[in-house]
Amino acid sequence: MRYIEWVAMFVVAGLGICLANFVGFKVSFLQSLPGVLILLGISLVSVWLSKVIPLKLPVIAYCSILGLLLACPLSPVRETVIAAAGNIKFTAPLTMVGAYAGISISDKLREFVAQGWKMVLIACLVMTGTFICSAFIANVVLSWTGVI
């Protein structure tokens with residue numbers, strides 16, 4: 001994918017995150033904008049790093065490393081990054097990721113179903129098991145920490 005396509009995709013994602021943050025959490029567009037720009041900037045630099053660094057890591061690895069470096073206690077921009085990103089509620093970007101995932105697999109649904117009913121059953125069992133195990137782990141951790 002070319003960089004212009006990445007930038008266009010990030011602009012759409014940024015607008016979607018700001019909209020989801022506004023609708024879901026009543027955080028104004030202007031209050032969300034600095035955090036979205038920082039997160040999208042980290043993402044864009046990560047895409048660029050994945051292309052120029054010969055070590056073939058996924059973009060998400062570069063994104064995580066860069067985000068950690070910018071938010072670590074030694075970083076001079078730590079406070080700005082944390083404060084700006086703190087205005088973005090976690091489920092706002094998650095909404096966009098879910099929407100993109102749904103769109104990306106929607107045209108492959110027939111191929112998936114063509115693999116047979118066993119594959120559909122396995123997929124349903126895996127998703128259900130993942131949800132139940134995640135809920136169990138969250139319950140245990142929240143109980144240990146005294147939140148519930």
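Computed from a predicted model, the values in this text were never measured in an experiment. Because only heavy atoms are used, hydrogens play no part in the values below, and waters and symmetry mates are left out as well, while side chains stay in.
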Enquirer: Should we count CG of L125 as having more than 12 external heavy atoms under 6.0 Å?
Expert: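 Yes, because the 6.0 Å sphere around CG of L125 holds more than 12 heavy atoms from other groups.
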Enquirer: Rounded to the nearest 0.5 Å, what separates atom CH2 in W6 from atom CG in L40?
Expert: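 Going from the CH2 atom of W6 to the CG atom of L40 covers 12.0 Å.
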Enquirer: Rounded to the nearest 0.5 Å, how far does CG of L44 lie from CE of M9?
Expert: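 M9 CE to L44 CG: 9.5 Å, rounded to 0.5 Å.
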Enquirer: Check Q31 against N87 and note the closest heavy-atom contact, atom names and distance.
Expert: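 Answer, listing the atom of Q31 first, then N87: O-ND2, 3.6 Å.
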Enquirer: Check for me, please, whether V52 and L69 land in the same ILVMFWY cluster - side-chain distances under 4.5 Å, paths through other members count.
Expert: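 No, separate clusters.
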Enquirer: Quick check for you: to the nearest 0.5 Å, what is the distance between L70 atom CG and T80 atom OG1?
Expert: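 Separation between the atoms: 10.5 Å.
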Enquirer: Which heavy atom of T145 sits nearest to which heavy atom of L142, and what is that distance?
Expert: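 Nearest heavy atoms, T145 then L142: OG1-O, 3.2 Å.
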Enquirer: Indicate, with yes or no, if V36 and V27 share a hydrophobic cluster defined by side-chain heavy-atom contacts under 4.5 Å among Ile, Leu, Val, Met, Phe, Trp and Tyr.
Expert: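 No, it is not one cluster - the side chains of V27 and V36 are not joined through contacts under 4.5 Å.
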Enquirer: Quick one: closest heavy-atom pair of I88 and S32, and the distance?
Expert: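 Scanning both residues, the minimum pair turns out to be CD1-O, 3.4 Å.
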Enquirer: What's the separation between atom OG in S46 and atom CD1 in I65, rounded to the nearest 0.5 Å?
Expert: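 These two atoms lie 8.5 Å from each other.
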Enquirer: Report the C-alpha separation of V23 and L19 in whole Å, then their side-chain angles, then the decisive distance to 0.1 Å, and conclude whether the side-chain contact (heavy atoms from CB on, under 4.5 Å) test is met.
Expert: CA-CA 6 Å; V23 171; L19 181 64; 4.0 Å; yes
Enquirer: Write down the atom of S43, the atom of C63, and the distance for their closest heavy-atom approach.
Expert: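 Looks like OG-SG, 4.0 Å.
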Enquirer: Out of curiosity, does F25 fall in the hydrophobic cluster containing I82 (side-chain heavy atoms, cut-off under 4.5 Å, transitive links)?
Expert: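 Different clusters.
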Enquirer: Say whether, by atom type as modelled, one donor and one acceptor occur between the side chain of S75 and the main chain of C72 under 3.5 angstrom.
Expert: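 Side chain of S75 to backbone of C72: no pair is present.
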Enquirer: Is F22 reachable from L15 through a run of hydrophobic residues whose side-chain heavy atoms are each under 4.5 Å from the next?
Expert: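 They do not share one cluster, since no chain of ILVMFWY contacts under 4.5 Å joins L15 to F22.
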Enquirer: Search all heavy atoms of L39 against all heavy atoms of A85 and return the closest pair with its distance.
Expert: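 In terms of heavy atoms, the two residues are closest at CD2-CB, 4.4 Å.
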Enquirer: Working to the nearest 0.5 Å, report the span between CH2 of W144 and CG of N139.
Expert: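 One finds 11.0 Å between CH2 of W144 and CG of N139.
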Enquirer: Measure the spacing between NZ of K51 and NZ of K56 and express it to the nearest 0.5 Å.
Expert: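 Interatomic distance, K51 NZ to K56 NZ, rounded to 0.5 Å: 7.5 Å.
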Enquirer: Have a look at V45 and tell me which of V47, I42, L49 forms a side chain to side chain contact (heavy atoms under 4.5 Å, CB included) with it.
Expert: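 In the set V47, I42, L49, the residue that makes a side chain to side chain contact (heavy atoms under 4.5 Å, CB included) with V45 is L49.
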Enquirer: Examine L55 and L66 and state if one hydrophobic cluster contains both, with Ile, Leu, Val, Met, Phe, Trp and Tyr joined whenever side-chain heavy atoms are less than 4.5 Å apart.
Expert: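 Yes: a chain of side-chain contacts under 4.5 Å links L55 to L66.
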Enquirer: Give me the atom names and distance for the closest heavy-atom approach of I53 to Y62.
Expert: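 Scanning both residues completely, I find the closest heavy atoms to be CG2-OH, 3.5 Å.
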Enquirer: Closer than 3.5 angstrom, by distance alone: can the side chain of N21 be matched with the main-chain N or O of S28 as a donor-acceptor pair?
Expert: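 Flag not set: sc N21 to bb S28 has no pair under 3.5 Å.
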Enquirer: Are more than 12 heavy atoms, taken from residues, nucleotides or ligands other than F10, located less than 6.0 Å from that residue's CZ atom?
Expert: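 Count over threshold, so yes.
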